[in-house]
Structure formats: structure tokens, C-alpha cells
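Shown next, in C-alpha cells, is the structure this report addresses.
Protein chains get the first letters and strands the later ones, always in sequence-line order, with residue 1 at the start of each. Excluded from the calculations below are hydrogen atoms, water molecules and symmetry mates; all remaining heavy atoms, backbone and side chain alike, are included.
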Protein chains: 2
Amino acid sequence: MLTFTEENYIKALLKLTEEVGVEAVGTNELAAHLGVKPATVTDMLKRLKEKQLVSYEKYGKVSLSVSGRSLAIDVLRKHRLWETFLCRCLGFPWHQVHEIAEQLEHIQSNELMDRLDAFLGFPQIDPHGDLIPSKDGVFQVKPKRTLSMLAATQSAVLIGVGDNSAAFLQYVDAVGLQLGSEILVKRIQPYDALIEIEINGKTSQVSQKFADQIFVDTPPQRDEISDVGLDVEGDL
Amino acid sequence: MLTFTEENYIKALLKLTEEVGVEAVGTNELAAHLGVKPATVTDMLKRLKEKQLVSYEKYGKVSLSVSGRSLAIDVLRKHRLWETFLCRCLGFPWHQVHEIAEQLEHIQSNELMDRLDAFLGFPQIDPHGDLIPSKDGVFQVKPKRTLSMLAATQSAVLIGVGDNSAAFLQYVDAVGLQLGSEILVKRIQPYDALIEIEINGKTSQVSQKFADQIFVDTPPQRDEISDVGLDVEGDL
DNA sequence: TTTTAATGTTAGATGAATCTAACTTAATTA
DNA sequence: TAATTAAGTTAGATTCATCTAACATTAAAA
Ligand SMILES: [Mn+2]
Ligand SMILES: [Mn+2]
Ligand SMILES: [Mn+2]
Ligand SMILES: [Mn+2]
């Protein structure tokens with residue numbers, strides 16, 4: 001049985017490695033992410049290593065062990081299921097759910113999560129468009145296309161965000177965006193790289209920094225369609 | 001902001017005083033109820049007094065302060081609202097919800113509880129028949145009539161239980177009882193005081209100890225009705 | 001290659017929550 | 001009233017999670 005704090009450390013490790021696509025992280029980075037001092041992290045890493053949740057040698061980088069990863073994924077699953085409940089059932093706006101889910105994710109009861117999962121109809125994605133790990137711990141981050149990668153005249157659909165902070169999410173709301181919104185890139189200012197976008201007829205200017213955190217799905221292009229066609233043939 | 005542990009101490013104090021109808025309790029009793037040693041309680045009482053949550057002098061009995069009581073009631077409210085959610089929405093049997101609610105009651109978010117309350121339709125009683133304190137902290141325990149107070153041939157309706165342990169509740173299930181069940185006292189054994197009851201045509205023998213924990217409502221008697229009649233006249 | 005900067009660790013301290021063992025006070029009983 | 005028992009407190013220790021300040025190692029720059 002892990003403590004709250006231990007759960008938070010391994011969850012942070014999961015975020016800082018797999019969601020970024022990096023093998024291992026350093027003490028300072030972990031400390032910054034958790035809002036504690038590096039010395040505190042060093043101490044905790046010794047305990048986590050003792051419990052075989054991480055692989056770590058002093059002055060080296062840290063990464064999750066197999067069992068540590070699996071426990072971290074379970075915490076993430078709980079977090080995202082609770083967020084889904086808070087939005088869908090209780091009507092919370094998406095910018096408020098993260099903070100409350102930070103507490104709820106530590107409730108210990110497998111049966112509770114199984115029942116909540118069923119109650120919600122086994123949701124696949126959470127209110128921020130993030131994948132909910134399955135019960136058997138399958139979890140994989142697929143590379144994401146961002147709004148900042150689009151060229152002028154292209155359009156795309158909002159499928160997720162890279163920043164779950166209330167400040168960012170409320171900014172997204174203000175621009176008129178929500179999951180599923182269609183975004184048209186009207187043009188990109190050559191001078192300051194501001195992106196002019198249109199959502200439901202409303203035009204806005206957004207920064208590159210903002211656009212980096214907006215994950216989009218682009219409608220299938222002509223040559224992508226033929227690729228899919230080939231794959232299907234191969235499956236027969 | 002109280003810690004988990006502090007919340008558990010004041011909740012225990014609320015139970016041990018108001019639910020029993022007693023002014024104050026001793027260190028040993030509190031310790032036994034919380035599953036810790038008396039020395040630990042003494043320490044904690046000093047901290048709770050520091051925070052003005054209890055009135056306490058050493059070698060004396062403890063009781064909640066006004067603000068301590070109000071915080072304790074809020075914890076109890078959360079506990080019972082969560083229990084209601086677990087039963088009504090997630091389909092948990094009543095004997096499993098207490099343990100999970102012991103964790104959920106410490107989640108900090110007033111808005112969460114307001115929304116959950118609304119989602120559940122502002123329930124008045126929890127799955128064990130206990131009153132859910134209202135949002136503004138109104139909470140009063142009304143004296144309860146127990147099955148053990150009934151005489152032979154009397155019948156009554158199950159409205160609550162005095163013991164929330166899984167063991168007891170599963171026993172209640174086994175006897176065929178649930179909230180709202182009608183119970184007929186067939187006779188009381190003169191020799192060992194066992195009570196013979198009938199529920200939905202099924203007969204069982206239960207002990208006095210068991211019957212003490214079964215709260216019932218008796219259908220209005222003839223003379224009680226006339227009493228009510230007099231009261232109503234006085235109100236006009 | 002030496003110096004410097006960045007990164008990470010140790011030692012020692014603190015506060016919360018718990019324990020055991022020894023002591024003190026209050027209540028009961030003889 | 002004096003002795004005994006029950007109830008409660010203190011002192012000292014432990015574990016977890018955190019800090020600061022001082023020290024050590026590794027990486028980058030000069
Ligand atoms: Mn979140
Ligand atoms: Mn999320
Ligand atoms: Mn309960
Ligand atoms: Mn209850």
C-alpha cells in the first residue's frame with residue numbers, strides 16, 4: 001500500500017517520462033514538477049527504490065520500474081475516471097476537475113473504480129481529451145499533432161489540450177473552443193507568428209505558445225485515405 | 001484546514017457525545033473508538049485545543065467547541081452523502097459503503113458536495129437510515145425506538161440501524177431485513193429473551209443484542225392519534 | 001585542461017502522528 | 001481514611017515528509 005505522497009511521485013515520473021517520450025528524469029526536474037526541494041526528492045527516491053518502484057542510482061537519472069509504472073498508471077486511470085464523473089455527472093466545467101481529481105485519485109478501492117467505470121459507460125477519454133488507461137493497465141501515449149503545426153487555410157478538430165491548468169483551460173473557453181470544435185487557420189502573421197483562427201464564425205488571434213498546447217485531428221487527406229485502403233487490403 | 005486525522009478525532013467526538021446523549025468523553029473512550037492508545041489522544045487533544053476545536057483541561061473530559069462541532073457535522077454530512085451516492089448510483093450493498101466513505105469524507109471541496117447533493121436530489125437519509133446533516137449544519141439526533149422495546153404481537157417498520165459494521169449489516173441482510181421492511185414480533189422467549197420475528201412471512205429468532213441495534217417506527221396507536229389531534233387543535 | 005555552473009546528495013532540524021514505559025491523578029472500595 | 005484500581009499524562013523514541021545549509025559530482029565553457 002502506497003502513501004499519498006508516494007503515489008504522487010510515481011505519477012509525476014510517469015508524466016515526465018512517457019508523456020514527453022523520455023527515458024529518465026533528474027532530481028531537479030521532479031522537484032520542480034512536485035513543488036518540493038531537490039533534497040526532498042533525493043530522500044524519497046531512496047524510499048521508492050527500497051520498495052522497488054523505481055530504478056535509481058545516486059547522481060543518475062530515475063525511471064519507473066515495471067511495478068512502479070503499473071501502479072502509476074492505475075493512479076492516472078483513477079484521476080481521469082474521476083474527472084469524467086465530475087464533468088459528466090456533476091456538471092463541473094473542465095477547468096475545475098483536475099484539482100479535485102488530485103484528491104480523489106488516492107481513494108483506495110478497486111471495486112469503487114470498477115463500478116464508477118461501468119456507471120460512466122467505460123469512457124475512453126477524459127474531459128481534456130486524454131486517454132483513460134484501461135483496467136488491465138494498457139496505456140500508451142500517441143504522438144499528437146498541435147494547432148501550431150497547421151498551415152494557413154487548413155482546418156482541424158480539437159481533440160485535446162497539453163495543459164490542464166485552470167488558467168489555460170479558461171483561456172481556451174474564452175476563445176470559444178471545446179473538444180470537437182472545428183478550427184480553421186485563416187493565416188499566420190509573418191511578423192510575430194500570431195495565428196488567426198476561426199471557430200464557429202468567430203475569429204481570434206492566438207500565440208504559438210497557446211497553439212502548442214492545442215491538440216488537433218486533421219480530416220483525412222487524399223493520400224492518407226489511399227494508405228488506409230492498402231492496409232485494409234493487407235488485413236484480408 | 002484540518003488534517004485527515006484531526007477530522008477523524010472531531011467526528012469521533014461528535015459520535016461519542018451527541019449520538020449517545022452525553023456531554024463529554026474521556027481519553028480512553030476516544031482512544032478505544034479510534035483504535036489508538038490513550039497517550040496518542042492526550043497529545044492530539046492539546047493540538048485540537050490549540051486550534052480551539054475542543055474544550056479540554058487535563059485530567060478532565062473533552063467536548064467539541066462550537067466551531068469544532070460545526071466542522072465535525074460537515075464531515076458527517078460528506079460521509080453520508082457519499083454513502084448515498086455509493087449505494088444509489090454505483091449499486092454498492094449497504095455493508096460496503098461505510099469503509100469507502102471513511103476515505104471520501106476527507107475530500108476538500110464545498111462545491112463538490114453541493115453538486116453531489118443536488119445530483120442525488122438532496123437526500124434526507126443515508127443508506128443506513130441516518131439523517132444527513134443539512135448544508136447549514138443543522139443536525140440533531142432524535143431518540144430512537146428499538147426492536148427490543150416492542151412487545152409480542154406488535155409490528156413496526158425498520159427505519160435504521162445502530163451499528164454500521166459490515167458484519168452486522170450482512171446479518172441484517174440474512175434475516176431478510178432492509179429499510180422499510182415490516183417486522184412483526186411474534187413472541188419473546190421467557191427463558192432466554194430471544195425475539196421471534198416475522199418478515200415477509202419468514203420467521204427468525206434474534207437476540208436482544210441484535211434487537212438493540214434495530215431502529216423501528218411503530219404505526220400510530222389509537223391514543224397517540226388523539227394526542228396528535230389535541231396538538232393540532234392547540235395550533236389553530 | 002582547468003574553471004565554473006548546474007545538478008544532486010548529506011547532515012541536521014522540524015512537525016505530525018503514532019508508540020511504549022513510567023509516572024501521576026482521580027475514583028472506588030475496603 | 002487508607003489502599004487499590006482505573007483513568008490520564010509525560011518522556012522519549014520512531015516514521016514520514018518536508019526544509020535549509022553545506023558539501024560533492026558531473027557537465028559545460030573558457
Ligand atoms: Mn487532470
Ligand atoms: Mn484530465
Ligand atoms: Mn458510515
Ligand atoms: Mn451511514
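- B:Lys58 places its NZ atom 13 Å from the C1' atom of C:dA26, with the value rounded to the nearest Å.
- Computed from coordinates, the B:Asp43 CG to C:dT18 C1' distance equals 9 Å when rounded to whole Å.
- Side-chain atoms of A:Gln205 and A:Gln189 include no donor-acceptor pair closer than 3.5 Å.
- B:Thr42 comes within 4.0 angstrom of a nucleotide base, judged by non-hydrogen atoms across all strands.
- Taking 4.0 angstrom as the limit, A:Thr5 places a side-chain polar atom (N or O) nearer than this to OP1 or OP2 of D:dA17.
- As judged by a 4.0 angstrom heavy-atom cut-off over every strand, A:Tyr9 is placed among residues touching the sugar-phosphate backbone only.
- Between D:dC16 and A:Thr3, no contact under 4.0 Å exists linking OP1 or OP2 to a side-chain N or O.
- A:Thr40 comes within 4.0 angstrom of a base, heavy atoms only.
- For the 3.5 Å distance criterion, the side chains of B:Glu102 and B:His98 qualify, holding a donor opposite an acceptor.
- Whole-Å rounding puts the A:Glu6 CD to D:dT18 P distance at 10 Å.
- Taking the six-membered ring where tryptophan is involved, the planes of B:Phe119 and B:Phe85 are tilted, since the angle between them lies from 30° to 60°.
- Neither OP1 nor OP2 of D:dC16 sits under 4.0 Å from any side-chain N or O of A:Arg47.
- Looking at A:Asp126 and A:His79, their side chains never bring a donor and an acceptor atom within 3.5 Å of each other.
- Taking atom OH of B:Tyr56 as the reference point, atom C1' of D:dA7 lies 11 Å away to the nearest angstrom.
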